[in-house]
Amino acid sequence: SNAPAAGNICSGTQVIGTAGTAVCQGAAGSGTLALTYALCSGYYGYNSSGTALDGSKTCNDVGTPSTISGLKLWYRADSIANKANAATMEAARDQSSYSNDANVTGTVTYYTGIIGTKPASKSSANGYINYPHATQLDLEHSDPFSIVLAMRTGSAFNAWEWIVNKQQASGEYNGWYFFTGSSNTQKLGFAYERTGGSGASYVSHANSTTALTTSTNYIAVLTNAGTGTAGFAMYLNGTAETMVSVSDGGTTSSIKASVPVKIGDRGDSLPFAGHVGEVLIYSCALGTTDRQSLECYLSSKFGITISHGC
């Protein structure tokens, strides 16, 4: 079903062969006829005219993100069509089944060929990709969830950098955030927090052991089992990190807030200095098989070396 549908190209069965080649099998009197088409990176499909599609929701998934249950949000910079290098972004699709598409607050810039050969977005101060608050994204600290990123660090670190978060930016700082920065000794951190309002205030957080380096591509995975910091696990390029600077708030006050998921900044001039190519959020703590399959998918797509086989 993934070979061109129009033009009577084959009289027999159409399949996808190696290296993205559409192969006609069983064509009477002609043996096997090979027709090469440019495939999407990780995704492919053809429209009714037999044109290869790239980045469209009509592409068929040959990776794994949508086949793993619990996918709640999927940002792909390479799904944004017809953007020139260094163009200003206005919107971004949610490639999950929820189609909770984003607008852009402030200035976010689209860059081509920034993570390997793939595009990525970069936020200016107070600029972020804004996925609206929705029920499927309303995660509690006690809910298992996972966040998967493909990113490139900047040429220098800001003091604090919010990569992806669902957190209020003033008043009650309720929510969760994935972050780094020189004030965090360039380590990757994850935290959830309740500050102010009803209920006890607290912060629960932990950092990676590894300090990130500038201008470097990473696949980062955070899984939260919903059991406090003891249930945090973090992976960089496929390798499990020993969690350090662990602080468990130890309370049960809700962290929920009716705020968007924001990629690139929190809304208070704490932008990620690097570029974000892909973000996946799941409502489960990914197991080893699923996590590694996602790391393999991102490794193949972005050309990032990981520590395990695929």
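Just so it is clear, the values below take in all heavy atoms, side chains as well, and ignore hydrogens, waters and symmetry mates. What you see is a predicted model, and the numbers here were worked out from it, not measured in a lab. One-based numbering along the sequence shown.
In this pair, Phe179 and Tyr177 present their aromatic rings tilted. The plane angle is within the 30 to 60° band.
Between Phe190 atom CZ and His205 atom NE2 the span is 12.0 Å, to the nearest 0.5 Å. Interatomic distance, CH2 of Trp160 versus CG of Leu270, reported as 9.5 Å (0.5 Å rounding). Rounding to the nearest 0.5 Å gives a distance of 9.0 Å between SG of Cys284 and NZ of Lys72.
Under a cutoff of 6.0 Å and an axis angle of 45°, Lys262 and Tyr128 form a cation-pi pair.
Residues Ile147 and Val259 are members of separate hydrophobic clusters, defined by side-chain heavy-atom contacts under 4.5 angstrom among Ile, Leu, Val, Met, Phe, Trp and Tyr. Residues Ile80 and Val261 fall within the same hydrophobic cluster, defined by Ile, Leu, Val, Met, Phe, Trp and Tyr side chains chained together at heavy-atom separations under 4.5 Å. Hydrophobic clustering of Ile, Leu, Val, Met, Phe, Trp and Tyr side chains at less than 4.5 Å, counting indirect connections, keeps Val203 apart from Phe178. Cluster annotation: Val244 is not connected to Leu222 through the hydrophobic network of ILVMFWY side chains, with a link wherever side-chain heavy atoms come within less than 4.5 Å.
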Ser215/Arg152 under side-chain contact (heavy atoms from CB on, under 4.5 Å): CA gap, chis, key distance, verdict: CA-CA 6 Å; Ser215 303; Arg152 180 176 178 83; 3.7 Å; yes

With side-chain contact (heavy atoms from CB on, under 4.5 Å) as the test, would you mind laying out the steps for Cys296 and His308 before giving the verdict? CA-CA 9 Å; Cys296 286; His308 56 76; 3.7 Å; yes

Could you walk me through whether Ile263 and Tyr131 pass the side-chain contact (heavy atoms from CB on, under 4.5 Å) test, one step at a time? CA-CA 8 Å; Ile263 298 172; Tyr131 283 97; 3.8 Å; yes

Using the side-chain contact (heavy atoms from CB on, under 4.5 Å) rule, take Trp74 and Asp94 through it: C-alpha gap first, then chi angles, then the decisive distance, then the call. CA-CA 5 Å; Trp74 186 0; Asp94 173 10; 4.1 Å; yes

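Using modelled atom types, no side-chain atom of His141 and backbone atom of Trp176 make a donor-acceptor pair closer than 3.5 Å. Listed for the Ser300 side chain is no donor-acceptor partner under 3.5 Å among the backbone atoms of Leu298. Checked by atom type and distance alone, the side chain of Thr229 never pairs as donor or acceptor with a backbone atom of Val246 at under 3.5 Å. The backbone N or O of Gly226 sits less than 3.5 Å from a side-chain atom of Asn224, completing a donor-acceptor pair. Between the Asn126 side chain and the Ser269 main chain, a donor and an acceptor come within less than 3.5 Å of each other.
Between Lys301 and Glu278, at least one side-chain nitrogen of the basic residue sits less than 4.0 Å from a carboxylate oxygen of the acidic one, meeting the salt-bridge criterion.
If you check the side chains of Thr105 and Asn130, you find a donor sitting under 3.5 Å from an acceptor. Judged purely by distance below 3.5 Å, without hydrogens or angles, the side chains of Thr213 and Tyr218 pair a donor atom with an acceptor atom.
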